[in-house]
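What follows is a set of notes on a single structure, which appears directly below.
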Amino acid sequence: MDQRTAKQYFSTELLNWYMQNKRDLPWRRHRNPYYIWVSEIMLQQTRVETVKPYFERFITRFPALTDLAEAPEEDVLKLWEGLGYYSRARNLQAAAKQVLELHGGEVPSEKDAVFNLKGVGPYTAGAILSIAFNQPEPAVDGNVMRVLSRYFLIEDDIMKGSTRVKMETLAAELIPQGRAGDFNQALMELGALVCTPKSPHCLTCPVMEMCKGRIEGREDTLPVKKKAKPPRPEQRIAALVTGTSTNEGKILVRQRPQTGLLARMWELPHVLASVPGGLASQVPDEPAMDMMKGHLLEEGYAVNPKEFWKIAEHTFSHIHWNLQVYHCEQAEHIVSPAMVAERNESYKTEGDVYKWIGPEDMETMAFPNVFLKLIKEHFVL
DNA sequence: AAGTCGGGGGT
DNA sequence: ACCCCAGACTT
């Protein structure tokens with residue numbers, strides 16, 4: 001009979017399994033704290049397979065922390081294009097500058113210093129400290145909470161902060177002496193490959209014999225998690241404005257404000273068209289087209305709506321966009337000097353900057369995916 | 001504690 | 001359609 005406790009068994013068997021089954025991932029090829037840090041930021045709420053190409057391009061362009069710290073923010077955002085949660089990119093660069101000024105360019109290995117880096121929370125701090133410096137700190141993410149909730153049959157709601165703290169205490173107790181980095185990665189690897197959210201592969205699990213959740217037949221009902229609120233629907237009218245005369249071959253885009261949703265990203269002009277709970281309008285929607293035309297005129301751009309192009313849908317965590325996209329054409333009009341002055345003033349305060357761009361500009365300007373797809377289709381890129 | 005912040009893959 | 005993902009930050 002196995003004399004080991006459930007915790008001893010778990011730690012030993014899981015670590016042995018990991019050493020035999022760990023994946024060859026780009027950020028596991030070196031033990032460069034900067035690489036590990038970048039990978040952990042990218043991996044927040046993002047799958048491994050999605051991150052791989054982004055990570056490769058990022059460290060090719062910014063091989064060292066100094067390269068990232070000194071780069072134009074536009075370059076950083078462009079490399080993050082399509083990855084989502086763009087404040088991660090801004091915070092990462094800000095933190096790189098922090099490291100340059102406060103720690104001589106070396107990623108700190110002291111707990112408080114790591115925690116104080118922008119964009120580094122409880123999980124990422126633990127990941128950096130354990131994986132890069134092998135310090136015995138827990139790194140509790142969604143994978144870890146799922147694995148622990150099943151193995152130890154913990155029924156606390158994992159959405160609660162108090163549950164994460166409880167899991168961190170437990171995870172810290174499980175770390176084998178001197179093996180923090182490997183063990184923490186083993187926990188996440190098990191969650192990603194075996195102890196999956198749906199249909200966990202218990203038959204091939206290295207710790208199935210003493211898994212309380214499996215023994216009680218609860219593996220499909222754990223972890224306990226309160227359901228998230230559904231995203232609120234928003235109907236929006238977008239314009240793909242093609243330029244005339246000096247703007248022939250170009251389209252009109254604008255840059256979003258410095259804060260909030262998709263901060264500082266470029267986009268096609270669009271306006272909110274519906275009241276919450278209102279019915280989706282049919283296309284072509286003449287009043288909506290007039291609203292779009294009026295909106296752009298206020299911004300100083302006269303356009304003639306042509307025809308409905310297509311519907312584009314995009315879901316954020318908390319908002320669902322239904323975009324009616326219309327083809328428009330730049331129109332001649334006279335702008336008074338007063339209007340130009342007023343507009344320039346509003347640029348400073350609101351941050352909405354409009355610009356005519358061609359296909360070549362797509363190489364430097366960062367767009368959220370919903371607009372990226374539309375514009376690439378228009379330019380046939 | 002609840003809301004904000006992307007995007008895609010798996011089922 | 002819904003769920004979830006190597007979460008952090010703001011209010």
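Chain identifiers are assigned alphabetically (A, B, ...) following the order of the sequence lines, protein sequences preceding nucleic acid strands; residue numbering begins at 1 within each chain.
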_Would you say the ring centers of A:Phe371 and A:Trp266 fall short of 6.0 Å from each other?_
no

_C1' gap between B:dG6 and C:dC5, integer Å_ = 12 Å

_Say we look at C:dA6 and B:dT11: how far apart would their P atoms be, to the nearest angstrom?_
13 Å

Can you check the [X] [atom1] to [N] [atom2] distance for me, whole Å?
{"X": "A:Leu83", "N": "C:dC5", "atom1": "CG", "atom2": "P", "answer": "17 Å"}
{"X": "A:Arg146", "N": "C:dC4", "atom1": "CZ", "atom2": "C1'", "answer": "8 Å"}
{"X": "A:Arg88", "N": "C:dA6", "atom1": "CZ", "atom2": "C1'", "answer": "11 Å"}
{"X": "A:Asp220", "N": "C:dC3", "atom1": "CG", "atom2": "C1'", "answer": "14 Å"}
{"X": "A:Lys226", "N": "C:dC4", "atom1": "NZ", "atom2": "P", "answer": "14 Å"}
{"X": "A:Ile158", "N": "C:dG7", "atom1": "CD1", "atom2": "C1'", "answer": "12 Å"}

*Tell me, do A:Gln185 and A:Leu25 make a side-chain contact under 4.5 Å, heavy atoms counted?*
no

Consider the side chain of [X], meaning its heavy atoms from C-beta on, and name the nucleotide among [options] that approaches it most closely.
{"X": "A:Asn369", "options": "C:dA6, B:dG7, B:dA2", "result": "B:dG7"}
{"X": "A:Leu261", "options": "B:dG10, B:dG7, B:dC5", "result": "B:dC5"}
{"X": "A:Lys225", "options": "C:dA6, C:dC5, C:dA8", "result": "C:dC5"}
{"X": "A:Met188", "options": "B:dG8, C:dA6, C:dG7", "result": "C:dA6"}
{"X": "A:Lys229", "options": "C:dC9, B:dG7, B:dG3", "result": "B:dG3"}
{"X": "A:Arg232", "options": "B:dT4, B:dG7, C:dC9", "result": "B:dT4"}
{"X": "A:Pro197", "options": "C:dC4, C:dA6, B:dG7", "result": "C:dC4"}
{"X": "A:Phe316", "options": "C:dC9, C:dA6, B:dG6", "result": "B:dG6"}
{"X": "A:Asn91", "options": "B:dG6, C:dC9, C:dA6", "result": "C:dC9"}
{"X": "A:Tyr85", "options": "C:dA8, C:dG7, B:dG8", "result": "C:dG7"}

*Mate of B:dG6 where both pairing distances stay under 3.5 Å, Watson-Crick or G-U*: none

*Is the shortest side-chain N/O distance from A:His318 to OP1 or OP2 of B:dC5 below 4.0 Å?*
yes

*A:His320 pairs by side-chain hydrogen bond (donor to acceptor under 3.5 Å, both in side chains) with which of A:Gln235, A:Arg232, A:His314, A:Glu313?*
A:Glu313

*Which of residues 39-62 of chain A sit near DNA chain B, with a heavy atom under 4.0 Å from it?*
A:Gln45, A:Thr46, A:Arg47

_A:Arg90 NZ/CZ over A:Tyr86 ring centroid, <6.0 Å and within 45° of normal_ = no

